Amino acid sequence: MTTPLLEVQDLTIAFPTPGGGSAEVVSELGFALPPGGSLGIVGESGSGKSMTSLAVMGLLPKGARLAGRIRLAGEDIAGLPDRRMRAIRGDRIAMVFQDPLSSLNPYYAVGFQIEEAYRAHRPRATRREARRVAVEAMERVHIPDAARRAGHYPHQFSGGMRQRVMIAIALSTEPDLLIADEPTTALDVTVQAQILALLREIRRDTGTGLVLITHDLAVVSEMVDDVVVMRAGRCVEHAPVARLFSDPQHAYTRALLDAVPRLDDEVGELRTVRAAAPDTPREGER
Amino acid sequence: MARYLLARLSGVVLILVLVCLFTFTVFFVLSPDPAVQICGKNCNPELIERIRGNLGLDEPLFTQFTTFLGGLFAGRAYGTGEGAVECAAPCLGYSFQSSQPVWEMITERLPVTVTVAVGAAVLWLLAGVVGGLVGALRQGTWWDRGAMVIALSGLSIPNYVFALVLQYVLVVELEWLPFPQAVTLADDPALWFQSYLMPWIVLAFAYASVYARLTRANVIDTLEENFVRTARAKGLPRGQVIRRHALRPALTPVATIFGMDFAGLLGGALITEKVFGINGVGKMTADAIGRNDQPVIMGVTLLAAAFVVVGNVVVDLVYTALDPRVRLTVA
Ligand SMILES: Nc1ncnc2c1ncn2[C@@H]1O[C@H](COP(=O)(O)OP(=O)(O)OP(=O)(O)O)[C@@H](O)[C@H]1O
Ligand SMILES: [Mg+2]
């Protein structure tokens with residue numbers, strides 16, 4: 001067996017609580033991703049999906065405590081000092097966040113924000129070379145008129161185009177692993193489909209590994225090989241996507257699946273997960 | 001851009017005319033008759049009438065106002081015939097006290113006030129921004145607490161108390177500094193610096209406190225922004241993340257209030273200049289208030305208003321340069 005690109009073992013993330021105790025937001029989570037593989041992490045709001053991805057990036061909020069192992073191509077990067085983690089972040093692992101407007105700095109042209117990502121890991125690159133890479137990355141994510149648009153500011157782009165810029169930032173360094181945390185949640189439906197198609201295309205062309213985080217099972221079905229279903233910080237089910245849809249093992253997964261609107265759903269009513277998950281701990285209750 | 005500037009400048013003129021109207025009302029309509037004050041000890045009704053005639057106080061109020069405005073832009077004459085006095089534009093009238101043209105009095109003292117303002121501004125920007133930054137980046141530590149306690153005292157200690165204490169300690173007790181003296185930079189650079197140092201510190205202290213608190217709050221807020229997380233996710237070094245992605249957004253609002261504060265100071269720092277005996281516009285104003293020298297008070301009021309209004313336009317222009325989201329629009 002080849003070394004997995006990303007291997008997470010017994011990942012536990014806890015925050016100190018005012019009373020002196022601590023609250024686990026992720027508990028004993030484990031999964032692995034082969035080189036070029038793809039994994040979906042699905043779960044309702046607050047289930048610990050973002051914390052998991054931030055742990056991999058080494059970007060957990062202040063005060064968070066982390067236990068377990070996170071191996072990138074065999075090397076344990078959990079709790080690596082920030083200086084060493086910096087060399088990995090943005091170069092070997094890149095991340096796309098949920099809200100592209102607030103995730104881009106309004107004060108700088110988008111071309112500069114892409115160049116910056118590239119130059120952070122290519123200290124000897126000239127500005128011209130970085131600009132060329134930035135424009136190429138923008139072309140790769142199908143931003144029309146890329147050379148001119150590179151000089152524009154985030155507020156001059158539509159939501160979908162902004163998310164393309166975010167993806168261009170991530171791609172500029174040709175990372176081995178791309179983590180996308182709800183990349184389409186802030187976008188409207190047609191744009192969502194375009195961004196997902198773009199991510200598929202990029203994976204096909206570059207062979208980068210993908211961790212796709214979403215609360216929407218419908219999104220993962222065409223995007224990833226394996227799915228981890230999370231609930232209250234724990235993995236409740238981990239299966240290849242086809243089997244998850246055809247033969248869900250866990251009641252919570254079935255409830256999530258039921259909540260996915262289907263074309264054959266004549267009534268068109270949206271079922272919610274609430275009924276099947278009566279004891280989900282809410283924020284601040286643990 | 002040209003259209004924008006034109007619109008803004010006509011706005012400025014309109015506001016200044018309104019300020020003129022306001023000050024005119026306060027000083028000529030609501031105040032005691034200036035003629036009585038000029039008249040002095042050997043006063044008689046005849047003399048008062050003559051003075052009133054010379055100042056144009058016997059004219060209808062509206063005529064007085066237009067004459068005043070005219071004097072400002074084109075100059076005017078006081079009195080008629082033989083004893084007429086020609087007052088060149090911008091005419092702000094003559095001091096009741098010294099009979100000097102007010103405009104001349106102001107321009108003579110303005111360099112001193114500008115020196116006080118510029119020195120203080122440099123100091124308070126440095127102290128305020130650095131203090132606020134230390135507080136934000138070392139949040140919750142003794143550095144942070146120390147900086148904020150100093151800032152709080154800067155806000156709560158009255159200016160003149162701090163000035164007097166500083167003067168007593170540094171000049172009288174420790175003898176580290178000489179009494180402030182009226183020298184120019186060219187004559188004696190060392191003495192010049194020592195003379196202005198205390199006024200700079202006193203003025204800067206109060207402003208720096210405000211700026212430190214504002215900077216600290218803005219930097220802390222900005223560090224929470226999603227785009228700062230993006231910058232870190234790119235693998236940028238911490239210094240670059242802070243300088244490029246946190247400081248620029250956090251300091252832009254600081255730059256704009258700085259413009260207003262600085263413009264306000266150019267009208268003179270009354271208390272500080274008075275306490276240290278610095279012969280600037282501020283001390284002149286304080287003295288004029290004490291003697292009810294109306295033309296001087298009025299002239300300074302107009303000057304300060306002009307600085308603030310023009311400063312406002314400059315701030316808006318600078319803001320558009322600093323924040324790409326802001327467009328110049330004619331409201
Ligand atoms: N700084 C923090 N201190 C304490 N608890 C936190 C902190 N940040 C997040 N949490 C808690 O961690 C839990 C998991 O949060 P996380 O953001 O990973 O959820 P998520 O699955 O990404 O949800 P969503 O779909 O809403 O993005 C939540 O219950 C949240 O309240
Ligand atoms: Mg999340």
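So that the names make sense, note that chain A is the first sequence line, chain B the second, and so on, each numbered from 1. Both backbone and side-chain heavy atoms feed into the values below; hydrogens, waters and symmetry mates do not. Everything numeric here is computed off the predicted structure, so don't read it as measured data.
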* To do: Please step through side-chain hydrogen bond (donor to acceptor under 3.5 Å, both in side chains) for the pair B:His245 and A:Gln113, ending with a clear verdict.
  => CA-CA 10 Å; B:His245 291 278; A:Gln113 300 191 50; 5.4 Å; no
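Within 6.0 Å of CZ on B:Arg145 lie more than 12 heavy atoms contributed by other residues, nucleotides or ligands. At most 12 non-hydrogen atoms from other residues, nucleotides or ligands lie less than 6.0 angstrom from CZ of B:Arg138. With a 6.0 Å radius and a threshold of 12 heavy atoms from other residues, nucleotides or ligands, A:Glu174 has its CD atom at or below the threshold.
A pairwise comparison of heavy atoms in A:Pro106 and B:Pro324 identifies O-CG, 3.1 Å as the closest pair. Pairing each heavy atom of B:Thr230 with each of A:Ser103, the nearest pair is OG1-O, 2.6 Å.
Atom CG of A:Asn105 and atom OG1 of B:Thr222 lie 9.5 Å apart (nearest 0.5 Å). The line from CZ of B:Arg325 to CD of A:Gln156 is 11.5 Å long, rounded to the nearest 0.5 Å. Residue B:Leu223 holds its CG atom at 7.5 Å from NZ of A:Lys62, rounded to the nearest 0.5 Å. A:Asp82 CG to B:Arg232 CZ: the interatomic distance, rounded to the nearest 0.5 Å, is 6.0 Å. Expressed to the nearest 0.5 Å, how far CZ of A:Arg83 lies from CZ of B:Arg238 amounts to 15.0 Å.
Looking at B:Lys234 and A:Met95, their side chains never come closer than 4.5 Å, going by heavy atoms from C-beta outward. By the 4.5 Å heavy-atom criterion applied to side chains, B:Phe227 and A:Pro154 are not counted as neighbours. The closest side-chain heavy-atom distance from A:His121 to B:Leu236 is not below 4.5 Å.
Using a 4.5 Å cut-off between heavy atoms, A:Ile169 contacts chain B through its side chain alone, with no backbone atom that close. Only the side chain of A:Met166 has a heavy atom closer than 4.5 Å to any heavy atom of chain B.
Highest contact tally toward chain B, considering only A:Pro61, A:Ala94, A:Ala117, A:Ala109, is held by A:Ala117 [criterion: heavy-atom pairs under 4.5 Å]. Options A:Arg86, A:Arg119, A:Gln98 differ in how many heavy-atom pairs under 4.5 Å they form with chain B, and the most are formed by A:Arg86. Contact tally against chain B (heavy-atom pairs below 4.5 Å) for A:Gly58, A:Ser102, A:Gly90: the top residue is A:Ser102.
B:Arg248 forms a cation-pi arrangement with A:Tyr108, by the criterion of a distance under 6.0 Å to the ring centre and an angle within 45° of the ring axis. A cation-pi arrangement is absent between B:Arg244 and A:Tyr107, since the terminal nitrogen or guanidinium carbon is not both under 6.0 Å from the aromatic centre and inside a 45° cone about the axis. A cation-pi arrangement is present between B:Arg229 and A:Phe97, with the terminal nitrogen or guanidinium carbon under 6.0 Å from the aromatic centre and inside a 45° cone about the axis.
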